[in-house]
Amino acid sequence: MKQAMFQELKEGGKVQCSLCAHRCLVADGRRGICAVRENRGGVLFSLVYDRVIARNVDPIEKKPLFHFLPGSLSYSIATPGCNFRCLHCQNADISQLPRDRGGSILGDSVTPGQIVASAQATQCSSISYTYTEPTIYFELAYETARLAVDAGLKNVFVTNGYITAEALREIRPFLHAANIDLKGFTDDFYRKVCGAKLQPVLDAIRLYKELGIWIELTTLVIPGHNDSDEELGKIAAFIRSVGEDVPWHVSRFHPTYKLMDKPRTPIETLRRARQIGLDAGLRYVYEGNIPGEGEETLCWSCKKSLVKRIGFAVKENRVKEGACSYCGAVIDGVW
């Protein structure tokens with residue numbers, strides 16, 4: 001247990017948490033929406049600071065990040081808990097664990113220093129804060145990220161984008177990249193499917209970009225929820241307004257957790273979504289969870305294939321010093 005960052009004492013012993021966009025007002029003895037930050041006597045504590053429930057060595061492409069140190073390994077960690085309640089969460093067994101199991105906080109006791117040492121021992125180039133939502137274990141991520149930078153490692157958030165501006169600005173000097181879920185483009189979808197609101201996510205995406213953190217966005221395309229041409233077009237137009245250089249991953253949905261009544265996304269739908277993104281002026285649009293040409297990085301200028309992938313494996317990389325080896329056009333990313 002560790003005293004939480006971003007808190008303000010209010011009347012009646014309540015504490016205002018300003019870590020994520022829910023900005024929970026937490027009464028004494030209660031927890032916030034994330035279920036892992038608790039008010040004890042007018043002080044907010046993180047219950048997961050040293051409770052790591054998942055540790056793996058992943059290819060960076062699994063995050064997915066296709067334009068950030070491609071072909072490298074990323075030491076990936078998570079604690080229990082999340083500030084969303086997505087009906088289709090593929091990691092619900094750990095993200096929703098405190099909520100679904102009566103407040104239980106499970107995980108191994110691991111220090112920031114041990115995480116960095118493990119990343120170095122496994123020859124990883126970065127540490128990814130992933131699987132659940134890194135915002136809710138901010139104190140652990142923040143202290144680990146600072147040590148990681150000193151050790152020459154990069155730091156990556158895989159996130160729902162519900163962080164507040166003050167928290168993002170605090171970790172910005174130590175955060176190098178993020179894959180942000182843009183799950184849909186209506187408040188109705190975010191409210192019913194995720195337990196959140198759309199606008200804070202859009203605001204955070206713009207701020208990530210303004211702060212110079214490399215970002216890629218992912219939309220899991222769910223039949224009957226966010227797969228209309230209109231909604232996909234609005235997502236693509238928003239991304240274009242943030243930057244034509246921002247890669248967009250449109251990924252295939254598989255029934256899981258509490259959203260079992262929808263079929264897998266048809267491949268034709270992902271093909272259509274990718275074309276919508278390209279037609280909107282995005283330079284890089286990828287199809288996720290299905291193998292094929294939709295995983296390749298093409299030069300936005302000459303259209304030649306530069307990075308060929310099979311699943312999460314890079315089979316060929318013809319980006320040379322950040323540029324197309326055919327025409328010399330700058331290829332956006334961290335190469």
Separation of E216 CD from F68 CZ (nearest 0.5 Å): 9.5 Å
Atom CG of L87 and atom NZ of K262: how far apart are they, to the nearest 0.5 Å? 11.5 Å
Can you tell me how far the CZ atom of R283 sits from the CG atom of L278, to the nearest 0.5 Å? 12.5 Å
Quick one: does D181's side chain get under 4.5 Å of L220's, heavy atoms only? no
Can you list everything that forms a ring pair (Phe, Tyr, Trp, His ring centres under 6.0 Å) with F84? Sequence neighbours excluded, please. Y162
What do you reckon, are the aromatic ring centroids of Y257 and H88 less than 6.0 Å apart? no
With the side chain counted from C-beta on, respond yes when P112 and L140 share a heavy-atom pair under 4.5 Å apart, and no when they do not. yes
With a 6.0 Å cut-off (strictly less than), is the heavy-atom count around CD of E293, excluding the residue itself, greater than 12? no
Considering only NZ, NE, NH1 and NH2 on the basic side and carboxylate oxygens on the acidic side, decide whether R85 and D100 come within less than 4.0 Å. no
Give me the atom names and distance for the closest heavy-atom approach of L232 to A273. CD1-CB, 3.8 Å
Using a 3.5 Å distance criterion without hydrogens, assess whether the side chain of E139 forms a donor-acceptor pair with backbone atoms of M5. yes
Looking at C124 and L153, what are the two nearest heavy atoms and their distance? O-CD2, 3.2 Å
T219 side chain to V221 backbone, donor-acceptor under 3.5 Å: no
Got I115 and I77 here, is their nearest side-chain heavy-atom distance under 4.5 Å? yes
Check whether T144 reaches the backbone of A141 with its side chain - one donor and one acceptor, N or O, closer than 3.5 Å. no
With a 4.5 Å cut-off on side-chain heavy atoms, are L306 and L298 touching? no
Between N289 and R252, is there a donor-acceptor pair closer than 3.5 Å when you use the side chain of the first and the backbone of the second? yes
Under 3.5 Å, is there a donor-acceptor pair between the S228 and E230 side chains? no
Does D108 come within less than 4.0 Å of R55, counting only side-chain N to carboxylate O? yes
Would you say NZ of K154 has more than 12 non-hydrogen atoms from neighbouring residues, nucleotides or ligands within 6.0 angstrom? no
For the residue pair A323 and I331, what are the closest heavy atoms and their distance? C-CG1, 3.9 Å
Are K14 and D28 close enough for a salt bridge, meaning some N to O gap below 4.0 Å? no
Any chance the rings of H249 and F66 have centres within less than 6.0 Å? yes
Is the shortest distance from a Lys or Arg side-chain nitrogen in R172 or E170 to a carboxylate oxygen in the other one below 4.0 Å? no
So do S76 and D58 actually touch side chain to side chain, heavy atoms under 4.5 Å? yes
Looking only at heavy atoms, which two atoms of A236 and L282 are closest? And how far apart? O-CD2, 4.1 Å
Mark yes or no for whether K308, through its side chain, and S305, through its backbone, hold a donor-acceptor pair below 3.5 Å. no
Answer with yes or no whether the hydrophobic clustering places L73 together with W214; edges join I, L, V, M, F, W, Y residues whose side-chain heavy atoms lie under 4.5 Å apart. no
With a 3.5 Å distance limit and no angle check, can you tell me whether N179 reaches the backbone of P64 through a side-chain donor-acceptor pair? yes
Backbone N/O of V285 and side chain of R274: donor-acceptor pair under 3.5 Å: yes
Around atom CD of Q90, are there more than 12 heavy atoms of other residues, nucleotides or ligands at under 6.0 Å? no
When the ring planes of F238 and F185 are compared, do they come out parallel, tilted or perpendicular, using 30° and 60° as the limits? tilted
R191 and D188 ion-paired at < 4.0 Å: yes
Quiz question: by atom type and distance under 3.5 Å, do the side chains of N83 and E133 form a donor-acceptor pair? no
If you round to the nearest 0.5 Å, how far is NE2 of H254 from OG1 of T265? 7.5 Å
Residue pair S128 / S74, side-chain donor-acceptor N/O under 3.5 Å: yes
Please report the shortest heavy-atom distance between V158 and P134, naming the atom on each side. O-CD, 3.1 Å
Quick check: do I136 and T79 have side-chain heavy atoms less than 4.5 Å from each other? yes
Just so I know, are the side chains of V156 and I127 near enough to count as touching, which here means a heavy-atom distance under 4.5 Å? no
Nearest 0.5 Å please: distance from the NZ atom of K234 over to the CG atom of N226. 13.0 Å
Find out whether the Lys NZ or Arg CZ of K197 is both under 6.0 angstrom from the six-membered ring centre of Y190 and within 45° of the ring's axis. no
Membership question, hydrophobic clusters at under 4.5 Å side-chain separation (ILVMFWY): are I33 and L25 in the same one? no
Carefully, step by step, assess R101 and D93 under the rule salt bridge (charged side-chain N to carboxylate O under 4.0 Å, His left out). CA-CA 10 Å; R101 295 183 59 178; D93 58 328; over 6 Å; no
Check E296 with K304, please: is the shortest side-chain N to carboxylate O separation under 4.0 Å? no
Which pair of heavy atoms, one from I105 and one from A35, lies closest together, and at what distance? CD1-O, 4.1 Å
If the plane angle is over 60° it's perpendicular, under 30° parallel, otherwise tilted; pick one for Y129 and Y137. tilted
Verify, without hydrogens or angle tests, whether D150 (side chain) and L147 (backbone) share a donor-acceptor contact under 3.5 angstrom. no
Spacing of CD belonging to E231 relative to CD1 belonging to I276, to within rounding of 0.5 Å: 11.0 Å
Does the gap between the ring centers of F6 and F138 come in under 6.0 Å? yes
Could you state whether Y286 and V246 fall into the same hydrophobic cluster, counting links through intermediate Ile, Leu, Val, Met, Phe, Trp or Tyr residues with side-chain heavy atoms under 4.5 angstrom apart? no
If Ile, Leu, Val, Met, Phe, Trp and Tyr residues are connected whenever their side-chain heavy atoms lie under 4.5 Å apart, and connections chain through other members, are Y131 and L65 in the same group? no
Should the pair R272-E268 be classified as a salt bridge under the 4.0 Å nitrogen-to-oxygen rule? no
Counting only heavy atoms not in E316 (residues, nucleotides, ligands), do more than 12 fall under 6.0 Å from its CD? yes
For the backbone of R37 and the side chain of S46, can you confirm whether one donor and one acceptor N or O come within less than 3.5 Å of each other? no
Within the structure provided, determine whether H67 and Y284 are in side-chain contact (heavy-atom separation under 4.5 Å). yes
Before giving the answer on side chain to side chain donor-acceptor pair (under 3.5 Å), spell out for T164 and R169 the whole-Å C-alpha distance, their side-chain angles and the decisive distance to 0.1 Å. CA-CA 9 Å; T164 60; R169 290 183 187 278; over 6 Å; no
Mark yes or no for whether E61, through its side chain, and G71, through its backbone, hold a donor-acceptor pair below 3.5 Å. yes
